[in-house]
Amino acid sequence: IDRIIGSVVGAVLGIVIWEMCRGNPYGMSVVCFVVFLPLYHIFFFVPKYRVASLMVTVTMLLVVAYEYAYIVEGLTDHDEVYTVAGKVSK
């Protein structure tokens with residue numbers, strides 16, 4: 001159940017981060033740093049939620065990285081962030 005919850009929360013966080021930054025690499029790095037801090041704290045110091053925090057981190061990073069790769073490559077017919085989040089969290 002931790003993996004499912006972590007994937008869903010990570011997908012939602014990935015969408016939120018992408019919508020906040022819209023492909024600005026500096027904004028994404030700052031926002032991801034701020035979001036990663038509590039996730040790493042949970043990962044290292046709260047063993048009960050270790051799997052969930054890891055899944056949140058990985059899923060969120062995948063959503064943001066896929067969307068950023070679409071923008072950098074200049075693809076015109078790419079998936080929206082909502083579709084990417086749905087594909088990644090499966």
Side-chain angles (χ1 to χ4, degrees):
I1 191 94
D2 288 342
R3 289 184 287 171
I4 295 169
I5 292 171
S7 292
V8 171
V9 171
V12 170
L13 278 176
I15 292 170
V16 168
I17 289 173
W18 181 256
E19 291 296 330
M20 284 173 54
C21 300
R22 285 291 182 174
N24 180 357
Y26 302 111
M28 285 189 303
S29 62
V30 169
V31 173
C32 283
F33 176 77
V34 170
V35 172
F36 283 162
L37 284 176
L39 290 173
Y40 283 139
H41 178 77
I42 292 170
F43 181 77
F44 287 119
F45 298 113
V46 186
K48 181 178 180 182
Y49 299 116
R50 184 168 286 165
V51 173
S53 68
L54 182 65
M55 292 303 294
V56 169
T57 304
V58 169
T59 306
M60 179 183 61
L61 191 59
L62 283 173
V63 169
V64 173
Y66 274 128
E67 279 298 315
Y68 184 69
Y70 289 148
I71 297 299
V72 168
E73 292 175 7
L75 298 177
T76 56
D77 60 340
H78 65 277
D79 294 333
E80 291 294 321
V81 67
Y82 312 105
T83 308
V84 170
K87 287 180 181 179
V88 169
S89 65
K90 284 185 180 179

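Model, not experiment: these values are computed from the prediction. This chain uses plain numbering: 1 for the first residue, then up along the sequence.
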Which heavy atom of [X] sits nearest a heavy atom of [Y], and at what distance?
{"X": "Y68", "Y": "G23", "value": "CE1-O, 3.5 Å"}
{"X": "K48", "Y": "D2", "value": "O-OD2, 3.9 Å"}
{"X": "T57", "Y": "F36", "value": "CG2-CE2, 3.6 Å"}
{"X": "R3", "Y": "M55", "value": "CA-CG, 3.9 Å"}
{"X": "F44", "Y": "R50", "value": "O-NH2, 3.6 Å"}
{"X": "V63", "Y": "A11", "value": "CG2-CA, 4.4 Å"}

Indicate if [X] and [Y] have the same hydrophobic cluster label, given that clusters are the connected sets of ILVMFWY residues with side-chain heavy-atom separations under 4.5 angstrom.
{"X": "V58", "Y": "V35", "value": "yes"}
{"X": "Y40", "Y": "Y49", "value": "no"}
{"X": "L39", "Y": "V34", "value": "no"}
{"X": "I71", "Y": "V64", "value": "yes"}
{"X": "L61", "Y": "V51", "value": "no"}

Check your understanding: So, do V16 and M20 sit near enough that their side-chain heavy atoms are less than 4.5 Å apart?
Key ->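 A side-chain contact exists here, since the closest heavy-atom pair is under 4.5 Å.
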Point to revise | From I17 atom CD1 to S29 atom OG, the distance as rounded to the nearest 0.5 Å | key: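 That separation rounds to 11.0 Å.
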**Study point:** Distance, nearest 0.5 Å, that separates CH2 of W18 from CG of L13
**Key:**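 Between W18 CH2 and L13 CG, I get 15.5 Å after rounding to 0.5 Å.
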**Study point:** Other residues, nucleotides, ligands: >12 heavy atoms within 6.0 Å of L37 CG
**Key:**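 Yes.
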**Study point:** Heavy atoms of other groups near F43 CZ, more than 12 under 6.0 Å
**Key:**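 Yes - once you tally the heavy atoms of other residues, nucleotides and ligands closer than 6.0 Å, there are more than 12.
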Exercise for review: Output yes when a side-chain donor or acceptor of T59 lies under 3.5 Å from a complementary backbone atom of V56, and no otherwise.
Suggested key: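 Not at all, since once roles are kept as given, no pair shorter than 3.5 Å links the two residues.
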